[in-house]
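Scroll down for the structure; my scribbles are underneath it.
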There are 2 protein chains.
Amino acid sequence: MADVAAVAGVSHQTVSRVLNDHPNVREGTRVRVLEAIKELGYRRNLAARALATAQTRTIGILTIGSEFFGPQSTVLAVEAAARAQGYFVTMTSMDSYDFGGAVTALNHLTDQSVDGVVVVAPHDKVTAAIDDLKLKVPVVVVAARTDVPAGDPVHYVYVDQRDGARQATEHLLSLGHRKIVHVSGPSGWFDATERNIGWREAMAAAGNDAVEFPAESWLAPSGYAAGVSLAPRVKAGEITAVFASNDYLAIGLLRAFWEAGLSVPEDVSVVGFDDLQIAEFYIPKLTTVRQPFADVGRAALTELLGGERGLQEPRMIAPTMVVRASTAPPPRN
Amino acid sequence: MADVAAVAGVSHQTVSRVLNDHPNVREGTRVRVLEAIKELGYRRNLAARALATAQTRTIGILTIGSEFFGPQSTVLAVEAAARAQGYFVTMTSMDSYDFGGAVTALNHLTDQSVDGVVVVAPHDKVTAAIDDLKLKVPVVVVAARTDVPAGDPVHYVYVDQRDGARQATEHLLSLGHRKIVHVSGPSGWFDATERNIGWREAMAAAGNDAVEFPAESWLAPSGYAAGVSLAPRVKAGEITAVFASNDYLAIGLLRAFWEAGLSVPEDVSVVGFDDLQIAEFYIPKLTTVRQPFADVGRAALTELLGGERGLQEPRMIAPTMVVRASTAPPPRN
DNA sequence: TCGCATTTTGTTAGCGCTAACATAATGTAA
DNA sequence: TTACATTATGTTAGCGCTAACAAAATGCGA
């Protein structure tokens with residue numbers, strides 16, 4: 001910076017002013033400084049700036065360390081939005097979904113003096129760690145947590161999972177299904193819990209029993225296992241439709257049903273959740289609930305940088321029902 | 001740090017020594033300092049450290065801004081490996097795959113004084129930008145670039161795409177196929193180019209013509225479009241097998257063939273590339289080439305931090321053929 | 001016990017930037 | 001023109017850490 005100042009014939013502080021768009025710099029001086037900067041290929045040292053200002057203009061993203069479609073898309077959107085706002089992004093993922101893993105990951109971010117944190121890890125162990133740590137920087141969590149106490153400094157942004165599950169369930173009910181099973185996501189995950197609640201509410205409203213089949217994980221093998229268990233009951237006429245807590249589970253289910261000789265949607269209807277890229281290309285095309293992950297990512301960053309503007313209310317984004325070919329009226333016995 | 005020093009009754013420099021595992025610190029002193037650190041909940045300011053040492057212990061990851069399975073998995077693995085080595089990770093993605101977009105993204109990383117960069121964006125525009133910029137920090141690119149000049153400071157780590165394509169092609173040839181078409185990936189991408197070469201080599205070695213059908217993108221809709229075009233030729237007996245440049249394309253293809261009333265693998269065989277999580281659950285289960293993305297990520301980081309150890313030769317990792325149910329001998333007319 | 005090598009601890013300066021204040025230049029009303 | 005407000009620029013100090021050197025404490029052989 002001193003070199004630039006020398007070339008432009010000004011003090012280093014004036015260079016700093018130009019760099020920070022300070023108003024009180026004469027146009028001629030600004031131009032000379034800018035030219036010197038270009039000539040020397042100067043780039044300011046951000047570590048020094050961070051030290052002097054106690055601000056890094058960096059946000060941290062904490063994410064789960066797995067290849068799930070939703071979180072990944074959200075992270076990408078957060079990063080793009082942050083960059084557009086002139087922020088840098090540092091990312092870390094968790095080795096395990098327990099309290100300690102979450103604390104370690106959070107510390108890893110705060111060690112870097114991030115100006116804010118976006119957490120894309122909708123697991124209750126993670127939120128517990130956040131509550132416990134009482135971070136000094138703003139935190140936005142992408143998780144459908146509905147029991148947030150009023151005035152909680154941590155903000156939540158999410159897709160209305162409960163509503164999505166309700167839509168999915170009502171779609172099946174409106175087709176005439178009554179014997180429906182929900183293959184629910186693994187415990188600890190807010191999305192699983194909320195979808196479960198939405199499902200129960202819709203079933204209760206229609207006066208039906210809400211039968212669940214808990215999946216071991218979010219992945220296709222678990223859906224497949226569920227399908228293997230459920231197929232005989234479908235054949236016995238005890239089940240006419242399945243609402244799976246995500247598309248991976250739905251696809252596993254579809255595969256298991258196919259292997260059991262069941263036709264979807266003729267013998268049994270299946271609904272998923274997420275709308276994976278390939279949902280539309282599966283055989284049959286999968287009826288599912290689309291989550292606008294990119295919107296969530298953008299909203300989370302806006303919330304983070306927006307500061308104390310307005311209310312503390314969680315930002316909730318609506319999912320969309322996408323009806324394709326894996327659902328139809330139940331068989332007539 | 002001064003506070004810690006006061007509590008422990010030492011100078012701040014001794015605290016610094018403890019923090020940096022300097023050998024010449026008496027055990028008793030070290031313990032006292034450690035206790036003071038714990039008592040005060042002290043965490044060192046990394047911006048100051050970076051300023052003093054001119055090292056950030058941060059590596060930058062440049063990635064494409066899309067939800068592709070491979071790059072995403074690789075990024076996750078790089079992050080985990082970096083964290084295990086005590087490095088921080090800052091990430092940025094590109095808005096566009098042109099030269100300018102790559103330069104902007106690279107500058108975004110170097111502005112943060114990263115100690116090294118891992119590029120997970122196997123596109124020729126990106127490598128062109130890297131060559132042009134002559135970065136002062138070590139760079140490792142995850143891309144199957146084979147024309148790297150000897151002594152190039154940029155190192156390349158990748159899966160042997162050419163070999164994978166050869167395996168896929170030979171698998172089809174060994175089943176008896178001769179009329180094979182390769183649905184190739186979009187231009188500019190190293191993976192597409194290399195798979196194309198591997199395919200041609202294998203076909204040439206078997207004395208067959210190598211017929212290609214270029215896809216517009218890496219995504220399922222492009223595979224579907226290819227399938228729509230190819231289906232009549234399959235029916236006419238002009239094609240008995242298709243090697244798609246990735247699994248998304250293969251799935252689009254499968255869907256299009258299914259809609260055209262063609263059975264896979266009875267009427268036509270299909271091979272993909274990548275081994276997506278759901279490849280095993282598609283109907284039929286997809287025969288494909290598995291890429292060990294996590295291994296690549298780890299290898300890239302090792303290469304980056306390993307420094308000038310050993311040769312400059314690109315690190316090449318072998319893919320594995322996974323034979324499932326989408327391939328079979330050609331129909332007997 | 002002394003003298004010297006070795007280990008341990010302390011002191012000073014500076015990394016490159018910005019905040020706060022000081023000074024100089026300019027504009028404007030009387 | 002002068003006096004004073006306003007704008008533009010310069011000077012100084014310090015952010016929290018580590019490198020380099022200085023000084024003190026310790027160990028050890030004679």
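Each chain gets a letter, A, B and so on, in the order the sequences are listed, and its residues count up from 1.
A salt bridge does not link A/Asp160 to A/Arg315: none of the charged side-chain nitrogens sits closer than 4.0 Å to a carboxylate oxygen. Taking the charged nitrogens against the carboxylate oxygens, A/Asp124 and A/Arg145 have no contact shorter than 4.0 Å, which rules out a salt bridge. Salt bridge absent: B/Arg57 and A/Asp111 never bring a charged side-chain N and a carboxylate O closer than 4.0 Å.
For the helix from C/dT1-D/dA30 to C/dA30-D/dT1, the axis fitted to the five pairs at one end and the axis fitted to the five pairs at the other end meet at an angle of 40° (nearest 10 degrees).
By the 4.5 Å heavy-atom criterion applied to side chains, A/Val33 and A/Val7 are not counted as neighbours. Two residues are said to be in side-chain contact when any heavy atoms from C-beta on lie closer than 4.5 Å; B/Val18 and B/Leu34 meet this criterion.
Of the residues in residues 40-50 of chain A, none has a non-hydrogen atom less than 4.0 angstrom from any atom of DNA chain D. Contacts between residues 27-37 of chain B and DNA chain C, defined by a heavy-atom separation below 4.0 Å, involve B/Thr29, listed by number.
For the side-chain hydrogen bond (donor to acceptor under 3.5 Å, both in side chains) condition, no pair includes a residue of residues 24-40 of chain A, sequence neighbours left out. Residues in residues 16-37 of chain B take part in no ring pair (Phe, Tyr, Trp, His ring centres under 6.0 Å) pair, two or more places apart or across chains.
Read 5' to 3', the first and last nucleotides of DNA chain D with an atom closer than 4.0 Å to a heavy atom of chain A are D/dA8 to D/dG16.
Residues B/Arg83 and A/Thr92 have side chains that bring a donor and an acceptor to within less than 3.5 angstrom of each other.
For the pair B/Met1 CE and C/dG10 P, the interatomic distance rounds to 13 Å; values are reported in whole Å.
Exactly one residue among B/Thr127, B/Val148, B/Leu62, B/Val157 makes a side chain to side chain contact (heavy atoms under 4.5 Å, CB included) with B/Val141. That residue is B/Thr127.
Here A/Thr53 lies in heavy-atom contact (under 4.0 Å) with sugar-phosphate atoms only. At the heavy-atom level, A/Ser11 lies under 4.0 Å from base atoms of the strands shown.
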| field | Worked verdict on B/Thr56 versus B/Gln112 for side chain to side chain donor-acceptor pair (under 3.5 Å) | value | CA-CA 8 Å; B/Thr56 53; B/Gln112 297 171 77; over 6 Å; no
| task | Go through the steps to decide whether A/Ser16 and A/Arg44 satisfy the test side chain to side chain donor-acceptor pair (under 3.5 Å), and finish with yes or no. | result | CA-CA 9 Å; A/Ser16 171; A/Arg44 129 171 84 179; 5.9 Å; no
| query | Could you go step by step and tell me if A/Tyr97 and A/Ser66 meet the side chain to side chain donor-acceptor pair (under 3.5 Å) rule? | reply | CA-CA 11 Å; A/Tyr97 300 133; A/Ser66 325; 3.1 Å; yes
| said: Go through it in stages, so that I can follow the logic: the residues are A/Gln72 and B/Leu76, the test is side chain to side chain contact (heavy atoms under 4.5 Å, CB included), and I'd like the CA-CA distance, side-chain angles, deciding distance and then a yes or no. | reply: CA-CA 10 Å; A/Gln72 293 285 22; B/Leu76 244 24; 3.1 Å; yes
